[in-house]
Amino acid sequence: MITPDDESLLRTEFCGLDFASPIVLLSGCVGFGEEYSRVAGFSNTDVGAICLKGTTLEPRPGNPPHRVFETPMGMLNAIGLQNPGVDVVVNEILPQLDFTETRFIANISGSTVEEYREVARRFDDSPIDAMEINISCPNVKEGGVAFGNDPDMSARVVATVREVTEKPLITKLSPNQTDIAENARRCIEAGTDAFAVINTLMGMAIDIESRSPVIGNNQGGLSGPAIKPVALLKTHQVWQVAHPHAVPIIGQGGISSAEDAIEFLIAGASAVGVGTALFYDPLICPKINAGIADYLRRHEMSNVAQLTGSLVLNERQACGC
Amino acid sequence: MTAHRDTIFLEEAEILERVAWEGDQYWLKVKAPKMAATARAGSFAHITVHPLRPMRRPVSILRVHEAAGEVEFLFKVFGEGTALLAERQVGETLSVLGPIGRPFALHSERPRPLLIGGGVGMPPMVFLADEIRRQHPDFRPLMILGSEVPFPFRMQPSEFLVPGIPEGVIATLPLVEEWNIPCRLASLQGYPGCFEGYVTDLARRWLDALDDDQCAEVEVFSCGPHPMLEAVAALAREYDLPCQVSLEEFMACGVGGCAGCVVEVQTEDGPRMQRVCVDGPVFEARAVFG
């Protein structure tokens with residue numbers, strides 16, 4: 001539980017949604033919102049929002065094993081959007097969630113633009129609080145990052161989904177592209193309300209005895225502390241484009257402490273995503289909340305929103321080389 | 001909200017005892033009262049191995065001592081993570097998450113459980129034997145353990161006669177002998193008193209020595225390397241015996257959140273990818289191996 005003392009410091013508004021904390025639990029890490037409640041001491045009330053597992057129109061079995069593998073300070077995953085399909089999620093899973101505990105965000109995916117639209121349309125007619133458009137999944141053959149790497153296609157997906165819902169739309173951007181800021185600019189024009197920055201970085205691990213990739217899908221998405229510097233820079237780059245339009249960002253990638261979260265907030269994030277760190281410490285969220293609150297007190301700030309984009313860039317001097 | 005809430009505990013568990021056995025095998029006893037009070041045979045713990053390693057490692061539970069709040073683990077070094085776990089010493093603490101997973105289910109109409117454990121699959125079989133002697137003292141179980149590295153205990157000759165077991169195959173695990181549960185050991189390495197062959201070959205000798213009524217009382221429980229489980233499943237199918245197997249897979253969250261540890265399982269609705277952590281680790285052998 002967030003203490004009354006910390007509550008006013010941590011409570012923040014994101015796309016018109018009331019977040020009890022800037023922490024957002026990331027899609028793909030926490031199933032459909034109830035899985036971590038198995039752990040005694042874990043509470044959905046400790047986070048601002050939970051992004052549900054990526055959902056497609058039809059059920060998907062996902063990729064063959066192995067699906068996860070530890071790498072230096074990180075892990076590869078290639079789950080492949082295993083999900084029971086949007087109708088099961090809307091009709092059977094959402095009714096079991098307690099919407100008084102936190103905000104629930106659907107993560108929508110598809111192989112075609114039309115599929116994104118249809119999944120969004122069905123979530124629009126549900127109690128879900130917001131939708132995250134996943135144009136950055138690296139582990140599926142069609143859609144996902146294939147759309148997210150192409151600014152035209154990214155904008156098309158956003159515009160198409162925008163047509164069928166008034167709910168807040170968060171576009172999840174891929175780091176696996178040349179110019180993330182240009183993509184962000186196009187998505188803003190297409191009507192996104194917010195960004196999630198970043199999804200995983202594409203990577204591979206090889207078993208040298210068999211000479212085969214360890215991951216069943218051959219390649220996977222890299223997450224964890226290893227990607228934090230990349231995620232931080234991308235968050236700041238997107239903030240520079242999004243800030244003038246008042247489009248907020250969920251900064252994410254390797255956050256595993258309050259200090260990490262604060263870095264993302266300073267870089268321009270209004271909320272911070274926690275995923276892989278939960279695997280190491282399922283009870284990390286209260287610690288991050290307390291750490292952020294302590295920092296705000298120490299810096300005589302009254303609310304976490306004051307941190308967003310407070311980055312003080314160094315004066316760059318010509319090095320003469 | 002769902003019924004599974006608050007069933008898994010995160011504990012900072014002090015290592016109370018540690019024994020290194022030949023073959024890179026390690027036995028640990030830790031203080032973890034919540035897990036000791038709630039673990040069942042087949043459930044496992046998800047353990048941090050090092051502060052700079054982001055993924056925990058699933059480790060099967062060997063025994064629990066509820067009154068003392070203690071849990072025993074036995075594991076083998078398999079990769080970098082378990083190698084780091086093997087370096088942890090008495091007095092250090094481990095972050096243990098557990099108990100996790102669907103345990104083995106015993107059935108009173110099948111009072112002759114056949115427990116087959118291979119290598120790192122031995123611990124859940126010992127835990128199950130402990131559960132059987134406590135909850136079903138009327139059962140007549142047989143345990144068969146196999147290993148291709150020296151067994152992580154001091155073998156002793158068994159005083160129990162077991163039908164079908166070849167002469168000279170007398171080595172047993174002293175702990176289960178104390179529990180009045182017959183056990184025999186198998187290995188291709190020619191260890192004294194052990195059956196030279198596969199665990200399934202030895203199991204077949206026992207099954208063939210039972211009459212039809214006795215055979216109809218057998219249920220097979222197994223944990224071990226995948227090829228061994230496949231052979232156990234085939235044996236159970238041949239003798240038309242129900243069989244539960246405990247599986248392992250690379251695992252990230254361990255609580256059902258990431259779907260990283262799946263196995264393909266045949267269900268009434270067709271093949272489905274199910275999570276080893278919370279849908280398993282114990283599955284019906286037929287559902288996994290056909």
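So you know, we letter chains A, B, ... as the sequences are listed, proteins then strands, and number each from 1.
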Side chain [X], main chain [Y], donor-acceptor under 3.5 Å:
X	Y	value
B/His4	A/Glu34	yes
B/Arg53	A/Met73	no
A/Arg38	B/Thr7	no
A/Arg67	B/Val262	no

- request: Please assess A/Glu35 against B/Arg5 for the test salt bridge (charged side-chain N to carboxylate O under 4.0 Å, His left out), listing each intermediate value before the final yes or no.
  value: CA-CA 8 Å; A/Glu35 303 300 342; B/Arg5 281 196 168 190; over 6 Å; no
message: Let's test your reading of the structure: which of A/Ser27, A/Ala40, A/Gly31 forms the most heavy-atom pairs below 4.5 Å with chain B?
response: A/Ala40
Selection from A/Gly74, A/Ala226, A/Gly224 maximising heavy-atom pairs under 4.5 Å formed with chain B: A/Gly74
Side chains of [X] and [Y], heavy atoms from C-beta outward: is any pair under 4.5 Å?
X	Y	answer
B/Phe250	A/Val214	yes
A/Val68	B/Met55	yes
B/Thr48	A/Asp281	no
A/Tyr280	B/Pro51	yes

- request: Could you walk me through whether B/Arg57 and A/Glu70 pass salt bridge (charged side-chain N to carboxylate O under 4.0 Å, His left out), step by step?
  value: CA-CA 10 Å; B/Arg57 296 297 189 276; A/Glu70 189 181 62; 2.7 Å; yes
query: So what's closer than 4.5 Å to chain A heavy atoms on B/Ile100: side chain, backbone, both or neither?
result: neither
Neighbour count >12 (heavy atoms, 6.0 Å) for atom [atom1], [X]:
X	atom1	answer
B/Lys34	NZ	no
B/Tyr198	OH	no
B/Glu22	CD	no

field: Residues of residues 263-290 of chain B near chain A, each having a heavy atom less than 4.5 Å away
entry: B/Met273, B/Arg275, B/Val278
query: Which members of residues 59-83 of chain B, sorted by number, sit under 4.5 angstrom from chain A on a heavy-atom basis?
result: none
- line: Distance col, row B/Cys258:SG vs A/Met75:CE, nearest 0.5 angstrom, shows 6.0 Å
statement: Minimal heavy-atom distance between A/Val39 and B/Leu97, with the atoms involved, is CG1-CD1, 4.1 Å
- line: Cut-off 4.5 Å, heavy atoms of chain B, and the answer for A/Val30 is backbone
